[in-house]
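Comments concern the structure below.
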2 protein chains.
Amino acid sequence: MAVDRDHVLRSAAALLTRKSTATMDEVARAAGISRATLHRHFAGRDALVRALEEHGIAECEAALDAARLDEGSASDAVHRLVREIEPVAGLLAFLYGENELWEDGGGDSWSRLDLRIASVFVRGQQNGEFRIDLSPVWLTEALYGLVASCAWAAQAGRVAPKDFTHMITELLLGGALRREES
Amino acid sequence: MAVDRDHVLRSAAALLTRKSTATMDEVARAAGISRATLHRHFAGRDALVRALEEHGIAECEAALDAARLDEGSASDAVHRLVREIEPVAGLLAFLYGENELWEDGGGDSWSRLDLRIASVFVRGQQNGEFRIDLSPVWLTEALYGLVASCAWAAQAGRVAPKDFTHMITELLLGGALRREES
DNA sequence: CTCGTGTGAGACAAGAATGTCTCACACGAG
DNA sequence: CTCGTGTGAGACATTCTTGTCTCACACGAG
């Protein structure tokens, strides 16, 4: 009978992404529980958002670990990264849009994630895989943006969720231009 | 002595992008006016957000007009599009993150914008400029995502605003991979 | 069955945000 | 100068949200 904390957090992220001013009552109903129960698990709105942040960070770190970013070519690493991120894309999209979190502490965790992702692009540039006129910081931000866009578009039914990895990696790595070679 | 409506809307967008739960009082102070004056110009929070949406749509339509999307190659059209969008990127980023707008009416205006942008990608695919395994819908969404990412990153000082057009168009069209040719 | 745990529903007060109002004041036009 | 307009500051009631509490009930373990 215990509430599924993970399910609550995912529902909250999905709802708050669409409607950032949603009340605790709306969050509770979206998760299929009562406001009282939501309050039993999260002291308040702040606590909920902070839990959302911590949960998102933990999931992303796990995804980065699973992606083994240091192995193989940088391109393959990006592929694995996007594939591992897909399950938590909704969470990441919410957190990425919630810029206020980055200001009041907790930014260290995000910096660490940023650094790990950016290092893949650095590696790709150093070994000649990636072009050097686009900074690793920008490529990292762009990855976030594409993941969030794809998550939102999929949630809205505008794109097929099954193409998540393909759409993001192909665009991020290869761009929209048609290539004669390869 | 009249309040600069455009300035108020831009301030509001910039603030609400960072802190979506900001109070009317905070919005007013961010714009350098009193809450009373803000209320004289926008009946309430809903009215403010709706005005923000209408203003954003109008600016984007103007940007699309100025970009002359039907002329020249599709690549050049995308370049012009991004360049014209830059001044309203902050506004667009806010509206893109505020998905709740798309649900309760007004979605028609956005659909029209979507269609105009997507048609550029359709044209590019038809004349062989763009690859056909990435749908125009996705490319449109990706463009939004990249514009929003770049606007946020620039606002946070993580990337140089002057590279706005270059970073977005190069990544969107060419991707991150290094190319031997050309 | 009986008990303990966890939940839903709802009441309640405290607090915050909103919307409206009044008043004083600065400014420009005449 | 005098007037009209638009603004800032603040008071005020209303509404919404929040946080806490109580009570009844469903469920599983024993």
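Note that the structure is predicted; figures quoted are calculated from it, not measured.
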Suppose we screen for side-chain hydrogen bond (donor to acceptor under 3.5 Å, both in side chains). Which residues come up paired with A/T23, at least two apart in sequence or across chains? A/E26
Qualifying residues under side-chain hydrogen bond (donor to acceptor under 3.5 Å, both in side chains), relative to A/R68, sequence neighbours excluded: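 With neighbours one apart ignored, the set is A/E71.
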The criterion is salt bridge (Lys or Arg N to Asp or Glu O under 4.0 Å); which residues satisfy it with B/E86, sequence neighbours excluded? none
Can you check the [X] [atom1] to [N] [atom2] distance for me, whole Å?
X	N	atom1	atom2	answer
B/D25	C/dT20	CG	P	16 Å
A/L48	D/dG19	CG	P	10 Å
A/F42	D/dT17	CZ	C1'	19 Å
A/L38	D/dC21	CG	C1'	16 Å
B/D46	C/dG19	CG	C1'	12 Å
B/R5	D/dG6	CZ	P	15 Å

Pairing pattern in dot-bracket form [Watson-Crick, G-U; both distances under 3.5 Å; | = partner strand] for DNA chain C: ||||||||||||||||||||||||||||||
Charged N to carboxylate O below 4.0 Å: is that the case for B/D25 and B/R29?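 A salt bridge links B/D25 with B/R29.
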Test: A/R80 and A/D76 ion pair at under 4.0 Å: no
What is the nucleic acid contact for B/R40, judged by heavy atoms within less than 4.0 Å: base, sugar-phosphate only, or nothing?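 The answer is base, as B/R40 lies within the cut-off (heavy atoms under 4.0 Å) of a base atom.
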Is the distance from OP1 or OP2 of C/dG8 to the nearest side-chain N or O of A/T37 less than 4.0 Å? yes
Hey, is the side chain of B/R45 poking within less than 4.0 Å of OP1 or OP2 on C/dT18, counting only N and O atoms? yes
On a heavy-atom basis, which atom in A/L48 and which in A/V27 lie closest, and how many Å separate them?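 Taking every non-hydrogen atom into account, CD2-CG1, 3.9 Å.
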For residues 115-133 of chain A, the salt bridge (charged side-chain N to carboxylate O under 4.0 Å, His left out) pairs (sequence neighbours left out) are A/E61-A/R116, A/D65-A/R116, A/R131-A/D133, A/R131-B/E170
B/M24 has a side chain; which of D/dG8, C/dG19, D/dT18 sits nearest to it? C/dG19
Side chain of B/H41 - closest among D/dT18, C/dT18, D/dT7: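 Looking only at side-chain atoms, B/H41 lies closest to D/dT7.
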Contact residues, residues 26-36 of chain B to DNA chain D [heavy atom, < 4.0 Å]: B/G32, B/I33, B/S34, B/R35, B/A36
So does B/L134 get a backbone contact from the side chain of B/Q125, meaning a donor-acceptor N/O pair under 3.5 Å?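 Answer holds: yes.
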Quick check: do B/L143 and B/V82 have side-chain heavy atoms less than 4.5 Å from each other?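 Of all side-chain heavy-atom pairs linking B/V82 with B/L143, at least one is under 4.5 Å.
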